[in-house]
Protein chains: 2
Amino acid sequence: MAAHGMYRRRDTRRELLVAEITAELRRYCVDAQHVGHAFAGQHGLNATDLQALIAVMDAELHGDPITPGRLGEHLDLASGSVTALIDRLERAGHLRRDRDPTDRRKVLLRYADRGAELAMGFFRPLGERTDRVMTDFSDEELEVVYRFMTAMGVSLREHRDEVRSARAEPSRRRVD
Amino acid sequence: MAAHGMYRRRDTRRELLVAEITAELRRYCVDAQHVGHAFAGQHGLNATDLQALIAVMDAELHGDPITPGRLGEHLDLASGSVTALIDRLERAGHLRRDRDPTDRRKVLLRYADRGAELAMGFFRPLGERTDRVMTDFSDEELEVVYRFMTAMGVSLREHRDEVRSARAEPSRRRVD
DNA sequence: GCGAAACTCTCGATCGTCTAGATATTCTGG
DNA sequence: CCAGAATATCTAGACGATCGAGAGTTTCGC
C-alpha cells in the first residue's frame, strides 16, 4: 500500500504536506504489519497469534486481564477461532487460562514467561529505534505530534464505527 | 494491540509524550486494519484482496503497473497465493491481467472499473476525515508532523529489513 | 428456584496460504 | 542460432486458520 494521498491536489506546499503525511502514515501501518509477520514467523506463530499475545499482555499490565470474548472483538475474530487461537498459544506456553473467581463463566487470559519474553523481544528493539528518532524533536514538537496522532486516532475510530454499522444496508451490491 | 509505550518510564512530561505517541501510532495501525477488514468484508472480499487492489491502483497511477511477482513481495505472499488472489479479483471484475509486450513472461495488473470504484469508496471518506483533522494544524505544525512520520517510517523499514535478514540464525530457539 | 442471558467451547466445513514442481519466455555464451 | 541458465507465472495437493451453528456452564432477574 502507499496511495490515498494520490487522489488529491498537491499544488500548494500545504496540500503536498497533507498528501505526504497521509501516505507516510499508510506506509507505516503496512510496514508495521510486515515486521509483525516476519517476527512472528521466526518464532513459530502467525501474525494473529502475535497480536493476541500483545493484547493479553497489554490488558494484564493495565491491571484487568482480557477474556476470550473481548480478545475476539479486539482481533475481529469469531468465538470458535478465538478458542483455537488460545489453544495454540497455551500449548506453546505463551499464556494460560484462569477462571475469573467473581464470574465463573469467564476465562481470564494471563501471559506466561515465554509470552513475556517474546513480546519483549518484539518491542525492545522497536522502542530503542523510536527513542532514537524522537531525540531529534523538541518537547514542543512532540506535543504537536501527540496532538496530531490523537486527533487522527479519534477520527479513524469514528470512521471504523461508521463503516461497521453500515452492515445493515449494503446498498446496491452486485454479486454476479 | 496497543502497548509498547507501556514498558517505559513515564516520569517526565517528555517520557509521557514519547510513550503516548508510540501507543497512539500502534493503535492507529490496528484500527486501520480493522477498517480495511470491515470494508472489505462488506464488499465480498478479504483484507488481503483489498490491499492488493490498492497496490495495483497505486502502481498504475504511478505510471508503472505492478506484476504478480512484485505484488507478492509487497503483500508478503508466496507465488501460488498471488495467483489465487489475482484469480479471485479478476473473477470479481476488480482487475485484469495484461501481458507485458516487452517481456512476455511478465503479467501486468490493471484495475478495472469495479476495482477503481471500490478503492475510491474506501479512500474518499477517509480522506475527508483526514482533511478535517489537518485543518486544526498550521503549516509549520504539519511540517513537524511530516518530518516525524518520515523519520519513523525510515526507522521502521530499517528495522523490518533487520528482522527479515535475521532468518538465517534464529539463535537459541526451543521447539519442544 | 426457573427461565433468560452471557460466556466459552466443540465440531464440521470452507477458504486462503504454502511448498514443490511444471510451463513459458528471455537472456547469455559459444 | 542453439543449448542451458535464469526469470516469471501458474498448477496441484496439503495444511491450517477462520467461520458458523449449536452445545454446555454459569450467572442474573423475577
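Chain naming here is simple, since letters A, B, ... match the order of the sequence lines and numbering starts at 1 in each. None of the values given here were measured: they were computed from a predicted structure.
Chain A approaches DNA chain D within less than 4.0 angstrom (heavy atoms of the protein), and the contacting nucleotides run 5' to 3' from D/dA17 to D/dT27.
Taking the charged nitrogens against the carboxylate oxygens, A/Arg70 and A/Asp64 do have a contact shorter than 4.0 Å, which makes a salt bridge. Classification of A/Glu162 and B/Arg129 as a salt-bridged pair holds, one side-chain N sitting under 4.0 Å from a carboxylate O.
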Short heteroatom pairs, N/O only, protein and nucleotides 6-10 of chain C, under 3.5 Å:
from	atom 1	to	atom 2	distance (Å)
C/dA6	O4'	A/Arg105	NH1	2.9
C/dT8	OP1	A/Pro68	N	3.4
C/dT8	OP2	A/Gly69	N	2.8
C/dC9	OP1	A/Arg97	NE	2.9
C/dC9	N4	A/Ser79	OG	2.6

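Rounded to the nearest 0.5 angstrom, A/Asp31 CG and B/Leu156 CG are separated by 5.5 Å.
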For residues 11-19 of chain A, dump all side-chain donor-acceptor pairs below 3.5 Å to protein atoms at least two apart in sequence or in another chain.
from	atom 1	to	atom 2	distance (Å)
A/Asp11	OD2	A/Arg9	NE	3.2
A/Asp11	OD2	A/Arg9	NH2	2.7
A/Thr12	OG1	A/Arg14	N	3.4
A/Thr12	OG1	A/Glu15	N	3.0
A/Arg13	NE	B/Glu143	OE2	2.8
A/Arg13	NH2	B/Glu143	OE1	2.7
A/Arg13	NH2	B/Glu143	OE2	3.1
A/Arg14	NH1	B/Phe137	O	3.1
A/Arg14	NH1	B/Asp139	OD1	2.6
A/Arg14	NH2	B/Met134	O	2.8
A/Arg14	NH2	B/Phe137	O	2.8
A/Glu15	OE1	A/Asp11	N	3.0
A/Glu15	OE1	A/Thr12	N	3.1
A/Glu15	OE2	A/Arg9	NH1	3.2

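In this model, the phosphate group of C/dA24 is not approached by any side-chain N or O of B/Arg104 to a distance below 4.0 Å at OP1 or OP2.
Contacts of A/Ser79 classified as side chain to side chain contact (heavy atoms under 4.5 Å, CB included), with partners at least two apart in sequence or in another chain: none. Applying the side chain to side chain contact (heavy atoms under 4.5 Å, CB included) rule to B/Ala40 yields the partners B/Leu45, B/Leu50; only residues at least two apart in sequence or on another chain are considered.
Between the side chain of A/Gln42 and the backbone N or O of B/Val163, at least one donor-acceptor pair lies under 3.5 Å. Side chain of B/Glu60 to backbone of B/Ile66: no donor-acceptor contact under 3.5 angstrom is found. B/Arg160 contributes no side-chain N or O that, together with a main-chain N or O of A/Ala32, makes up a donor-acceptor pair within less than 3.5 Å.
Using a 4.0 Å heavy-atom distance criterion, B/Asp49 is classed as making no nucleic acid contact. Counting any heavy atom pair closer than 4.0 Å across all strands shown, A/Leu77 reaches sugar-phosphate atoms only and no base atom.
Residue-to-nucleotide proximity on DNA chain D shows that, of A/Asn46 and A/Asp100, the 5′-proximal contact is made by A/Asn46.
Side-chain N/O atoms of A/Gln51 and B/Gln33 include a donor and acceptor closer than 3.5 Å.
Rounded to 10°, the angle separating the first-five-pair axis and the last-five-pair axis of the helix from C/dG1-D/dC30 to C/dG30-D/dC1 equals 30°.
Atom P of nucleotide C/dC15 and atom CG of B/Leu45 are separated by 14 Å, given to the nearest angstrom.
Annotation for B/Arg97 and B/Thr83: closest pair NH2-O, 3.7 Å, computed over non-hydrogen atoms.
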